[in-house]
Every structure is written in structure tokens, then in C-alpha cells.
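A, B, ... follow the sequence lines: proteins, then strands. Residue 1 opens every chain.
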Number of protein chains: 2
Amino acid sequence: MSNEQTTEWLSPMQMADRCGVPAETLRYYEREGLLDQVHRNDGNQRRYSADDVAWVGVLRCLRVTAMPIREMKRFAELVRVGEAGVPERLELLRSHRQQVLEQRAALDDALAMIDHKIDIYSTAVAPVTDADTDGVTTTPTLGGRGIRTSSA
Amino acid sequence: MSNEQTTEWLSPMQMADRCGVPAETLRYYEREGLLDQVHRNDGNQRRYSADDVAWVGVLRCLRVTAMPIREMKRFAELVRVGEAGVPERLELLRSHRQQVLEQRAALDDALAMIDHKIDIYSTAVAPVTDADTDGVTTTPTLGGRGIRTSSA
DNA sequence: TCTTGACTTGGAGTGCACTCCGGGTTGTTG
DNA sequence: CAACAACCCGGAGTGCACTCCAAGTCAAGA
């Protein structure tokens with residue numbers, strides 16, 4: 001409780017720490033116009049605000065859900081123009097939301113398959129085996145015929 | 001029910017259709033050793049088996065959950081050696097499963113944030129507005145002070 | 001038989017999202 | 001004030017996962 005109250009601005013490194021994003025990447029985002037006009041001190045060094053921290057949080061949410069930089073840039077522009085951009089921001093987010101749902105569904109499907117395989121392998125690891133399969137006959141010399149694949 | 005029973009092998013295009021993966025990518029997977037020794041006809045053209053279809057299904061599950069090609073290659077090798085590879089396959093899949101769970105958690109967090117924003121925008125689009133925020137003051141001239149960020 | 005389109009190869013090219021580099025500046029600490 | 005880390009910049013480089021290309025071969029229909 002002593003080195004907080006005067007800390008209004010964050011240096012690049014502090015910002016990197018805070019956001020979990022390399023300082024280089026923050027510079028890159030700035031270049032790309034995702035993060036605009038970061039404040040500078042007298043020596044021309046960047047000083048990030050709490051607003052910047054929050055905004056990078058938003059950016060990371062979008063990135064982690066695989067939004068391309070191009071689209072994030074568009075979103076940033078729409079935020080820049082203020083209220084006028086709200087309808088398109090909404091549209092953009094709704095469409096992105098859809099994609100995220102699809103991603104999650106795909107992830108869950110894959111997860112089911114992975115769990116299934118883990119199951120098979122775990123029981124196969126101690127007892128006899130062969131009733132497994134990777135969608136491929138388990139013989140060393142691949143290319144065999146015959147399939148018992150469940151879902152895959 | 002007429003052009004199925006004799007179709008034992010799939011041409012590259014048919015395979016691409018079936019798996020939802022470009023034929024080029026299948027060739028790439030083969031080069032990388034993810035898919036080994038695809039059968040050829042007399043004219044040296046690839047003929048994919050039902051096993052191949054199933055195996056590509058597995059590969060896609062791994063890819064869609066962001067497993068790097070390098071690791072998929074390792075997995076393919078472990079399948080190639082048969083039973084001896086099972087323990088490491090298990091290990092690999094378990095560790096991957098963990099990553100998938102983390103991905104899903106991150107996705108869900110981001111989704112919550114996106115939903116929250118959509119909510120704000122939707123209500124803001126008709127009534128007055130300003131109480132929104134993108135983690136940034138909504139004024140046209142960015143760089144303003146003051147924050148009311150909720151989560152973000 | 002001719003044509004057309006799917007196939008073969010090795011290798012080069014692409015797009016994305018960073019990530020690093022070199023050479024110079026700033027700011028803090030002993 | 002010296003030393004050293006953190007900073008600045010434009011631009012080049014990286015790694016990944018494809019994706020395309022050229023030049024030739026194969027297969028099936030008119």
C-alpha cells in the first residue's frame with residue numbers, strides 16, 4: 001500500500017506485465033491501429049493509462065477467440081468514431097459471437113473424441129488390447145483393412 | 001444404393017470432399033508423415049481407404065484443438081509403432097486434453113465478455129447512451145481520462 | 001484418337017501474427 | 001558523472017500451416 005497511489009501511468013514493461021502481453025506486441029498493436037495514441041512522457045516514452053489496460057483486455061478477448069487483427073482494427077475504428085459506430089460494433093460482435101459458439105462446439109466434439117481415446121488407451125494399457133483403434137488397424141504395418149471406428 | 005458397394009477406394013478429390021480438407025492439405029499431411037503410405041493405383045495415383053478417412057478425422061480433431069503439426073507427427077509415429085506407443089500416446093493425449101480444457105475456459109471467459117458488450121450495445125442502440133464503454137471513454141477524441149470499466 | 005480434367009512431383013510462395021535487430025536516446029542508481 | 005537498463009524507431013526476419021505453381025502423366029468420355 002505504498003507504491004500505488006501516485007502510479008497513474010505504466011511504463012511499457014509494467015504494461016506488458018499487467019496485460020500478459022509482450023511490450024513488443026503492444027507496440028505492434030499500436031502500429032496496426034488497434035491501440036491508438038498512447039500517451040508519452042517528456043522523453044517520448046510511452047505511458048499507458050488504466051484505460052489502455054482495459055482496452056488491451058478487450059483486444060485479448062477478441063484475439064483469444066481468433067478474431068483476425070484486420071477485424072479487430074475495424075472494431076477499434078468503430079470505437080474511435082464513438083456512438084456512430086455502435087450499430088456496426090453490434091453487428092460485428094454478434095457475428096463474432098456466432099463464430100465463437102462454433103469454435104466451442106468444435107472444441108467440445110474434439111474433446112469428446114479425445115476423452116474417448118484416453119478411455120480406450122487407459123483400459124488398454126494394463127489389460128490385453130486390440131479392441132482399441134485410432135481409426136486405423138493397430139498393426140505395426142499400417143495400411144491394413146477393416147474398420148471398427150465408432151465416431152471419429 | 002447403387003454406386004457404393006464397389007467404391008472401396010477414394011480418389012484425392014473424393015477424399016477431400018469426404019474429409020472436408022483440401023486435397024493439397026492431405027498431400028501436405030502425407031509429406032509431413034501424419035498420414036503414411038497412402039495406397040496407389042497402377043498409374044501411381046493415390047487411393048484412400050476408409051481407414052484413411054477415419055484417421056484424417058482424428059487428425060482434424062487434433063488440429064481443430066490447436067495441436068501443432070509437430071506434435072501430431074509424434075502421435076502418428078506412436079500409432080505407427082503399435083502397442084508399444086500406447087503409454088506415450090496416453091500421456092500426449094492427456095496433456096493435450098488439459099490444453100483443450102484451458103482453451104475452452106478462455107473461450108468461455110471471452111464469450112461472457114462479448115455477450116456483456118452485445119448486451120450493452122443493444123440497449124444503448126435505441127435509448128440514450130454513454131453509460132456503455134469499451135474500457136475506454138466513448139468520446140470521439142480518444143485519450144480521455146476517467147474509467148468506469150466493469151470487468152473487461 | 002482426341003480432349004479434358006484430375007492427377008503426379010519438388011519446390012516456391014503466401015498470409016498471419018508476431019518477434020527481433022541495430023543503432024541511437026532516456027532515466028535511474030551508485 | 002558513469003554505467004546500465006529500459007526505451008525509441010523503421011524495417012527485416014521468423015514460424016507456422018498451408019497453398020500454389022510448372023511441367024508433365026493418367027483416365028474416361030465423345
Give the table of side-chain donor-acceptor pairs shorter than 3.5 Å for residues 100-108 of chain A, with sequence neighbours excluded, one pair per line with atom names and distance.
unit_1, atom_1, unit_2, atom_2, d
Q103(A), NE2, T65(A), O, 2.9
R104(A), NH1, D108(B), OD1, 2.9
D108(A), OD1, R104(B), NH1, 2.9

Original post:
Which residues pass the side-chain hydrogen bond (donor to acceptor under 3.5 Å, both in side chains) test with T25(A), sequence neighbours left out?
Top reply: none
Original post:
Thinking salt bridges, do E30(B) and R46(B) make one under a 4.0 Å N-O criterion?
Top reply: yes
Subject >> Side-chain (D52(A)) to main-chain (S49(A)) donor-acceptor, under 3.5 angstrom >> reply: yes
Original post:
Under 3.5 Å, is there a donor-acceptor pair between the side chain of R31(B) and the main chain of L26(B)?
Top reply: no
Original post:
Looking only at side-chain N and O atoms, does R46(B) come under 4.0 Å of OP1 or OP2 in dT8(C)?
Top reply: yes
Original post:
For M13(B) and dC7(C), what is the distance between atoms CE and C1' respectively, to the nearest whole Å?
Top reply: 10 Å
**OP:** Let me know the distance between CD of E24(B) and P of dG11(C), rounded to the nearest Å.
**Re:** 15 Å
Original post:
If you find the nucleotide of DNA chain C closest to R40(B) and the one closest to T25(A), which residue's nucleotide is nearer the 5' end?
Top reply: R40(B)
**OP:** Would you please name every residue forming a side-chain hydrogen bond (donor to acceptor under 3.5 Å, both in side chains) with E77(B), sequence neighbours left out?
**Re:** R74(B)
Subject >> All salt bridge (Lys or Arg N to Asp or Glu O under 4.0 Å) counterparts of D119(B), not counting sequence neighbours >> reply: none
Subject >> Toward the 5' end of DNA chain C, by each residue's nearest nucleotide, R63(A) or S11(B) >> reply: S11(B)
**OP:** Summarise protein proximity over nucleotides 22-30 of chain C in one line of letters, 5' to 3': B for base, S for sugar-phosphate only, - for none, counting protein heavy atoms closer than 4.0 Å.
**Re:** ----SS---
Original post:
Are E91(A) and R97(A) within salt-bridge range, i.e. N to O under 4.0 Å?
Top reply: no
Original post:
With sugar-phosphate meaning primed atoms plus P, OP1 and OP2, does R27(A) contact a base, only sugar-phosphate, or nothing at under 4.0 Å between heavy atoms?
Top reply: base
**OP:** Figure out the OH/P separation between Y28(B) and dT8(C), and round it to whole Å.
**Re:** 18 Å
Subject >> Heavy-atom contact window of chain B on DNA chain D, given 5' to 3' at under 4.0 Å >> reply: dC16(D) to dA27(D)
